[in-house]
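These notes are about the structure you will find just below.
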Amino acid sequence: TPDADSTEPRFPAVEVFDVFEPDGESNVRSSFKLADGLVLVGTEETGDIYAGRVDPDRVRWVKVIDGGDTWGIQDVRNFLRADDGRLFATTSEPALVLRSADDGTTWEKVGEAEASRTVALEQLDSGEILVGLRRSENDRISVLRSGDGFDTFETIVVDDELPRQNTTCL
């Protein structure tokens, strides 16, 4: 609707180009632009990763991996392209770190946290990658840290006494 002093709409018009609605999925949990016209989508419920390519008339969706069948995950929460070009994704139920060296075509599990879900994924200027965790099974507010693209990683306990908190801001 227009503002009281204006005849212009408050928000620009939006056109729906395509709808993402694979069987068994209710939500898109995460998305990541790989390049112009190419995206990755992580789903909630079955933990799948889809690649979408924008064609002139629609988006063509291809399931890249079934995370529920492959690793028993519930959802794909975050994506990140690291400075070295590799992609990383984090999951929930269980809290995993996944890595792809081929722009999301294939994925490998490179880390598993003692927590139920990941809630943040960031790369620092130093090159280290941090994964924030939800305080859950481990009863600690904690972060995973890796300086080598998750060939190895360590768990850093931020606090083990505060009430249940997520480590979402890194």
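Residue pairs meeting the ring-ring contact (aromatic ring centres under 6.0 Å, His included) criterion with at least one member in residues 97-118: none, sequence neighbours excluded. The ring-ring contact (aromatic ring centres under 6.0 Å, His included) analysis of residues 36-70, with sequence neighbours excluded, yields the pairs Phe20-Tyr50, Phe20-Trp61.
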Kindly list each side-chain donor-acceptor pair under 3.5 angstrom involving residues 67-76, sequence neighbours excluded, with atom names and distances?
{"from": "Thr70", "atom 1": "OG1", "to": "Asp66", "atom 2": "O", "distance (Å)": "2.8"}
{"from": "Asp75", "atom 1": "OD1", "to": "Ser92", "atom 2": "N", "distance (Å)": "3.4"}
{"from": "Asp75", "atom 1": "OD1", "to": "Ser92", "atom 2": "OG", "distance (Å)": "3.1"}
{"from": "Asp75", "atom 1": "OD2", "to": "Arg29", "atom 2": "NE", "distance (Å)": "3.0"}
{"from": "Asp75", "atom 1": "OD2", "to": "Arg29", "atom 2": "NH2", "distance (Å)": "3.3"}
{"from": "Asp75", "atom 1": "OD2", "to": "Arg77", "atom 2": "NH1", "distance (Å)": "3.4"}

Could you give me the CA-CA distance, side-chain angles and deciding distance for Asn78 and Ser30, then say whether side-chain contact (heavy atoms from CB on, under 4.5 Å) is met? CA-CA 6 Å; Asn78 302 287; Ser30 55; 5.7 Å; no
Could you go through the side-chain contact (heavy atoms from CB on, under 4.5 Å) check for Ser31 and Val39 one step at a time? CA-CA 7 Å; Ser31 61; Val39 298; 5.9 Å; no
Passes side-chain contact (heavy atoms from CB on, under 4.5 Å), Glu114 versus Thr155? Steps please. CA-CA 9 Å; Glu114 188 182 331; Thr155 301; over 6 Å; no
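The distance from atom CZ of Arg53 to atom CG of Leu34, rounded to the nearest 0.5 Å, is 9.5 Å. Taking CG of Leu87 as the reference point, atom CG of Asp102 lies at 8.5 Å (rounded to 0.5 Å). Atom CD1 of Ile49 sits about 7.0 Å away from atom CG of Leu40, to the nearest 0.5 Å. The line from CZ of Arg145 to OG of Ser126 is 8.5 Å long, rounded to the nearest 0.5 Å.
Partners of Phe150 under the side chain to side chain contact (heavy atoms under 4.5 Å, CB included) rule, at least two apart in sequence or in another chain, are Phe88, Val97, Val110, Ile129, Val131, Leu144, Ser146, Phe153. Residues forming a side chain to side chain contact (heavy atoms under 4.5 Å, CB included) with Lys33 (at least two apart in sequence, or on another chain): Asp36. By the side chain to side chain donor-acceptor pair (under 3.5 Å) test, Thr118 is found to be paired with Thr90, residues two or more places apart in sequence or in another chain being considered. Remark: Asp84 engages Arg86 in a salt bridge (Lys or Arg N to Asp or Glu O under 4.0 Å) (not counting sequence neighbours). Scored by the ring pair (Phe, Tyr, Trp, His ring centres under 6.0 Å) test, Phe32 finds no partners at all (sequence neighbours excluded). Residues forming a salt bridge (Lys or Arg N to Asp or Glu O under 4.0 Å) with Arg81 (at least two apart in sequence, or on another chain): Asp103. A search for side chain to side chain contact (heavy atoms under 4.5 Å, CB included) contacts involving Arg60 returns Asp55, Arg58, not counting sequence neighbours. Listed by chain and number, the residues in a salt bridge (Lys or Arg N to Asp or Glu O under 4.0 Å) with Glu45 amount to none (sequence neighbours excluded). For the side chain to side chain contact (heavy atoms under 4.5 Å, CB included) test, residues two or more places apart in sequence or in another chain that qualify with Asp151 are Arg99, Asp148.
Side-chain contact between Gln123 and Glu128 is absent, with no heavy-atom pair separated by less than 4.5 Å. Between Leu38 and Val54, every side-chain heavy-atom pair lies at or beyond the 4.5 Å cut-off.
In the hydrophobic clustering of ILVMFWY residues, with side-chain heavy atoms under 4.5 Å counting as a link, Val143 and Leu124 come out together. Hydrophobic clustering (side-chain heavy atoms under 4.5 Å, transitive across Ile, Leu, Val, Met, Phe, Trp, Tyr) groups Ile65 together with Leu98.
Listed for the Thr91 side chain is a donor-acceptor partner under 3.5 Å among the backbone atoms of Leu96.
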